[in-house]
**Q** 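Encoded as structure tokens, here's the structure I'll be asking about.
Keep in mind that this is a model prediction, so the values were computed, not measured.
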Amino acid sequence: MCELLGMSANVPTDICFSFAGLMNRGGRTGPHRDGWGIAFYEDQGCRMFHDPRPSCDSEIARLVREYPIKSCTVISHIRRANRGRVALENTHPFSRELWGRPWVFAHNGQLKGIKRKTLDFYQPMGTTDSEHAFCWILDRIRARYPRPPRRDGALMALVAELAAELNSLGVFNMLLSDGRFLWCHCSTHLAWLTRCAPFGAATLIDEDMNVDFSKETTPNDVVTVIATRPLTRDEAWIVMNPGDMVVFRDGRPVG
């Protein structure tokens with residue numbers, strides 16, 4: 001299956017260290033050779049990179065790894081194709097507009113019968129079950145709330161309801177964001193950790209690379225990283241249970 005990587009932070013932060021570990025899993029230390037992508041929220045926009053080539057061999061991935069793009073919310077994905085050919089249009093994460101905001105989605109798993117769910121406003125550009133699921137989610141949100149709901153809790157409840165329905169179709173590990181919140185739904189494998197003061201050092205599992213975060217941060221920084229499997233060998237990752245959803249804002253869980 002594919003692998004996911006996400007980040008939520010209270011200050012613009014680069015994800016170079018974690019992305020280096022994910023990049024190696026895209027064909028070097030893992031079998032996910034069928035493309036990769038990453039989305040960085042910046043102010044009211046979203047900077048995105050996609051490549052159907054393996055991330056371990058991608059010059060674009062090398063640029064992302066070495067160029068410290070700073071963001072408070074990041075979603076990334078490395079693909080092992082099971083539905084839809086290896087092609088740029090089938091490369092996660094996917095993006096659509098809702099309420100004047102860019103929404104970004106990445107998925108790991110298979111959803112049997114998802115294409116029997118009808119779509120109204122949003123339509124896929126590729127052939128994956130994942131993109132169809134994303135369009136369906138946004139259709140349902142748009143139908144319930146033509147304008148942003150006044151209470152964030154109402155949106156949280158609806159996304160949780162939709163994720164549970166999709167989870168009943170198979171495997172639905174998901175990262176979803178509107179630039180404010182980062183929704184993380186676990187069907188089989190998803191883990192997260194929060195880095196905050198006092199910061200320490202961390203070593204990647206997939207590469208001989210170490211960072212002392214106490215030298216890279218301020219005492220007020222809060223950064224949460226979410227991944228399909230833990231990326232570091234010396235930090236305490238929280239492994240989510242099947243069916244769990246955690247929502248992050250500014251690096252902290254809010255639901």
**Q** For residues 152-207, which residue pairs qualify under ring-ring contact (aromatic ring centres under 6.0 Å, His included), counting only residues two or more places apart or in two chains?
**A**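 Qualifying pairs: Trp103-Trp183, His107-Phe172, Phe172-His185, Phe181-Trp183, Trp192-Phe248.
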**Q** Going by salt bridge (charged side-chain N to carboxylate O under 4.0 Å, His left out), name the residues that satisfy it together with Arg180, two or more places apart in sequence or in a different chain.
**A**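 Salt bridge (charged side-chain N to carboxylate O under 4.0 Å, His left out) check on Arg180 returns Asp152, Asp178.
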**Q** Which residues pass the side chain to side chain contact (heavy atoms under 4.5 Å, CB included) test with Asp139, sequence neighbours left out?
**A**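 Asp139 satisfies side chain to side chain contact (heavy atoms under 4.5 Å, CB included) with Leu119, Asp120, Phe121, Tyr122 once adjacent residues are dropped.
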**Q** Could you check whether Thr218 and Asn220, counting side-chain N and O atoms only, form a donor-acceptor pair closer than 3.5 Å?
**A**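 Looking only at side-chain atoms, Thr218 and Asn220 do not form any donor-acceptor pair under 3.5 Å.
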**Q** What residues form a ring-ring contact (aromatic ring centres under 6.0 Å, His included) with Tyr41, not counting sequence neighbours?
**A**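 By the ring-ring contact (aromatic ring centres under 6.0 Å, His included) rule, Tyr41 matches no residue at all.
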**Q** With sequence neighbours excluded, what pairs up with Asp51 under the side chain to side chain contact (heavy atoms under 4.5 Å, CB included) test?
**A**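 For Asp51, the residues satisfying side chain to side chain contact (heavy atoms under 4.5 Å, CB included) (neighbours in sequence not counted) are Trp36, Arg53, Ser58, Ile60.
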**Q** Do any pairs count as a side chain to side chain donor-acceptor pair (under 3.5 Å) and have a residue in residues 236-249, sequence neighbours left out, and if so which ones?
**A**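 Every side chain to side chain donor-acceptor pair (under 3.5 Å) pair that includes a residue of residues 236-249, provided the two are not neighbours, is Thr232-Trp237.
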**Q** So, using ring-ring contact (aromatic ring centres under 6.0 Å, His included) as the criterion, who are the partners of Phe213 when residues are at least two apart?
**A**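 For Phe213 the ring-ring contact (aromatic ring centres under 6.0 Å, His included) partners, ignoring immediate neighbours, are Phe17.
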**Q** Quick one: which of Asn108, Asn173, Asn167 gives a side-chain hydrogen bond (donor to acceptor under 3.5 Å, both in side chains) with Ser187?
**A**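 When Asn108, Asn173, Asn167 are each tested with Ser187, the side-chain hydrogen bond (donor to acceptor under 3.5 Å, both in side chains) holds only for Asn167.
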**Q** For Glu97, enumerate each residue passing the side chain to side chain contact (heavy atoms under 4.5 Å, CB included) test, keeping only those at least two apart in sequence or located in another chain.
**A**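 Per chain and number, Glu97 pairs via side chain to side chain contact (heavy atoms under 4.5 Å, CB included) with no residue.
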**Q** Sequence neighbours excluded, which residues qualify as side chain to side chain contact (heavy atoms under 4.5 Å, CB included) partners of Val239?
**A**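 Result, side chain to side chain contact (heavy atoms under 4.5 Å, CB included) vs Val239: Ala191.
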**Q** Run the side-chain hydrogen bond (donor to acceptor under 3.5 Å, both in side chains) test against Glu216 and tell me which residues pass, sequence neighbours left out.
**A**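 Checked Glu216 against side-chain hydrogen bond (donor to acceptor under 3.5 Å, both in side chains); zero matches.
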**Q** For Phe40, check ring-ring contact (aromatic ring centres under 6.0 Å, His included) against everything at least two apart and list the hits.
**A**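 In terms of ring-ring contact (aromatic ring centres under 6.0 Å, His included), with neighbours along the sequence ignored, Phe40 is linked to no residue.
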**Q** Restricting to ring-ring contact (aromatic ring centres under 6.0 Å, His included), what partner residues turn up for His92, sequence neighbours left out?
**A**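 For His92 the ring-ring contact (aromatic ring centres under 6.0 Å, His included) partners, ignoring immediate neighbours, are His77, Phe94.
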**Q** Judged by modelled atom types alone, do Thr73 and Ser177 share a side-chain donor-acceptor pair under 3.5 Å?
**A**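 No, no side-chain donor-acceptor contact under 3.5 Å.
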